[in-house]
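Shown next, in structure tokens, is the structure this report addresses.
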Amino acid sequence: MSGLVASPVPLAEAYDLALVDLDGVAYRGHLPIDHAAASLTTARAGGMALVFVTNNASREPEEVAAQLTGLDIPADADEVMTAAQACATLLRTRLDPGAKALVVGGKGLVTAVRAAGFDVVASADDRPDAVAQGYAPQLAWEDLAEAAYAVGRGAWHVASNLDLSLPTARGLAPGNGALVGAVTAATGVTPSSAGKPGPDMFRMAAERAGAARPLVIGDRLDTDLAGARAAGYPGLHVLTGVSTARDAVLAKPGERPSFLGADLRALLQPHPEPVHDGGSWVCGTASARVEDGVLRPVEGEGIDLVRAACAAAWAAADAGRPVTAVPDLI
């Protein structure tokens, strides 16, 4: 199923675990996002478990939990799954404990790699078996060069994630993928990636929580929602971060969400499924159609119009008639 689906009851009742992205969903940089804390608190009080799953590998789970708690989203370290933990787990699939790893990243990645049993080294001259690379704001040219030297000498290059951008309070900044790209450009070696959009972090988090019906919540189609589909889990795309309503309309089949919400209040609401009336796609009181490659809203507004627009555009694209023009929707 590559389209939006219905949930006649609130998502927090339909699913037993929310796998929640951080930047752009629970908060933006160091700032809260409207309705995030209240919605997550209400969902948890109703019996839904929460695990915060982040492609950021720079910080310790305890730090992430403390930030969430400071934003009125109580959390402990066991409820945080970082790309650093996933990266360390991926290293263990090919390397034995005691192997040397050059870590290029923050202390969260250093801790995770060391805890997985590897000997963390500081230089390519130490002949590491692998380079584990994750985002950290203090990374410099010297760090990227050291990674390139090691990879060029045959070390296995493993990235915590390949996000090209990182949402901050001031806008989008270069993410780990952009920094990994510098090493790739210098060496010609394509790295392995442990984070989203791969399915491993989501599956690890769901297994840790003992969940039977997990729901992924994210703001990026190319990582969060693509990762949800890769893991075989339904995904809720909220419009509080990177990917916009227009991005959702133009989403590739492998990046399409199962549910759409303006913000995390969508967790506490039923979700209608758009239906085709023979001409337009209808969701609630909103409708949209595609004519000659142009998406045309017919009536309605808000998130139901986005849902109708997505249904119309996805159906057209799947029939070989992709949309080429999308107006502002919300």
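The model shown is predicted, which means the values in this text are computed figures rather than measured ones.
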[X] side chain to [Y] side chain, donor-acceptor N/O pair below 3.5 angstrom:
X: S123; Y: E146; answer: yes
X: N56; Y: T54; answer: no
X: R307; Y: H271; answer: yes

Does [X] reach the side chain of [Y], with side-chain heavy atoms less than 4.5 Å apart?
X: L17; Y: L215; value: no
X: L90; Y: S192; value: yes
X: V282; Y: P274; value: no
X: L71; Y: I33; value: no
X: L139; Y: V104; value: yes
X: V9; Y: P270; value: no
X: V5; Y: P234; value: no
X: Q133; Y: D143; value: no

Can you tell me how far the [atom1] atom of [X] sits from the [atom2] atom of [Y], to the nearest 0.5 Å?
X: Y27; Y: D21; atom1: OH; atom2: CG; answer: 8.5 Å
X: D247; Y: D219; atom1: CG; atom2: CG; answer: 10.5 Å
X: S165; Y: D222; atom1: OG; atom2: CG; answer: 7.5 Å
X: Q269; Y: S39; atom1: CD; atom2: OG; answer: 8.0 Å
X: H35; Y: T42; atom1: NE2; atom2: OG1; answer: 12.0 Å
X: S258; Y: R229; atom1: OG; atom2: CZ; answer: 5.0 Å

(message) Classify the ring geometry of H276 against W281: parallel below 30°, tilted from 30° to 60°, perpendicular beyond 60°.
(response)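 Judged by the thresholds at 30° and 60°, the geometry between H276 and W281 is parallel.
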
Would you confirm whether [X], through its side chain, and [Y], through its main-chain N or O, come within 3.5 Å as a donor-acceptor pair?
X: D126; Y: P128; value: no
X: T324; Y: G293; value: yes
X: E79; Y: D76; value: yes
X: S287; Y: V298; value: no
X: N176; Y: L179; value: no
X: R44; Y: P74; value: yes
X: R246; Y: D328; value: no
X: D129; Y: K100; value: yes
X: D224; Y: G218; value: no
X: R208; Y: D78; value: yes

Would you say [X] and [Y] are hydrophobically clustered, going by side-chain heavy atoms of ILVMFWY under 4.5 Å?
X: M201; Y: F52; result: no
X: V158; Y: V113; result: yes
X: L162; Y: V151; result: no
X: L91; Y: L102; result: no
X: V25; Y: L268; result: yes

(request) Apply side chain to side chain contact (heavy atoms under 4.5 Å, CB included) to the pair I217 and L19, showing each step before the final yes or no. (result) CA-CA 6 Å; I217 307 175; L19 298 169; over 6 Å; no

More than 12 heavy atoms of other residues, nucleotides or ligands under 6.0 Å from [atom1] of [X]: yes or no?
X: D277; atom1: CG; value: yes
X: R92; atom1: CZ; value: no
X: E207; atom1: CD; value: no

Where [X] and [Y] come nearest, the two heavy atoms and their spacing:
X: A226; Y: P197; answer: CB-CB, 3.7 Å
X: A286; Y: E301; answer: CB-N, 4.4 Å
X: V290; Y: A312; answer: CG2-O, 3.6 Å
X: A65; Y: A75; answer: CB-O, 3.6 Å
X: A205; Y: V51; answer: CB-CG1, 3.8 Å
X: G177; Y: L164; answer: C-CD2, 3.8 Å

(message) L40 vs L264, test: side chain to side chain contact (heavy atoms under 4.5 Å, CB included). Steps then yes/no.
(response) CA-CA 7 Å; L40 291 172; L264 278 177; 3.9 Å; yes

(message) Applying the side chain to side chain contact (heavy atoms under 4.5 Å, CB included) criterion to D163, which one of N55, V180, V242 satisfies it?
(response)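 Filter result, single survivor: N55.
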
(request) Identify the residue among Y15, F202, F259 that makes a side chain to side chain contact (heavy atoms under 4.5 Å, CB included) with V216. (result)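 Passing option: F202.
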
(request) Could you walk me through whether T82 and L109 pass side chain to side chain contact (heavy atoms under 4.5 Å, CB included), step by step? (result) CA-CA 9 Å; T82 72; L109 186 56; over 6 Å; no

(message) With side chain to side chain contact (heavy atoms under 4.5 Å, CB included) as the criterion, how do D263 and D34 come out once you've worked through the C-alpha distance, each side chain's angles and the decisive distance to 0.1 Å?
(response) CA-CA 8 Å; D263 52 53; D34 288 346; over 6 Å; no

(message) Going by ring pair (Phe, Tyr, Trp, His ring centres under 6.0 Å), name the pairs with one or both residues in residues 146-198, residues two or more places apart or in two chains.
(response)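 Applying ring pair (Phe, Tyr, Trp, His ring centres under 6.0 Å) to every pair that reaches into residues 146-198, excluding sequence neighbours, yields nothing.
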
(message) List the residues meeting side-chain contact (heavy atoms from CB on, under 4.5 Å) with E63, not counting sequence neighbours, and say none if there are none.
(response)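 In terms of side-chain contact (heavy atoms from CB on, under 4.5 Å), with neighbours along the sequence ignored, E63 is linked to R59, E60, K107.
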
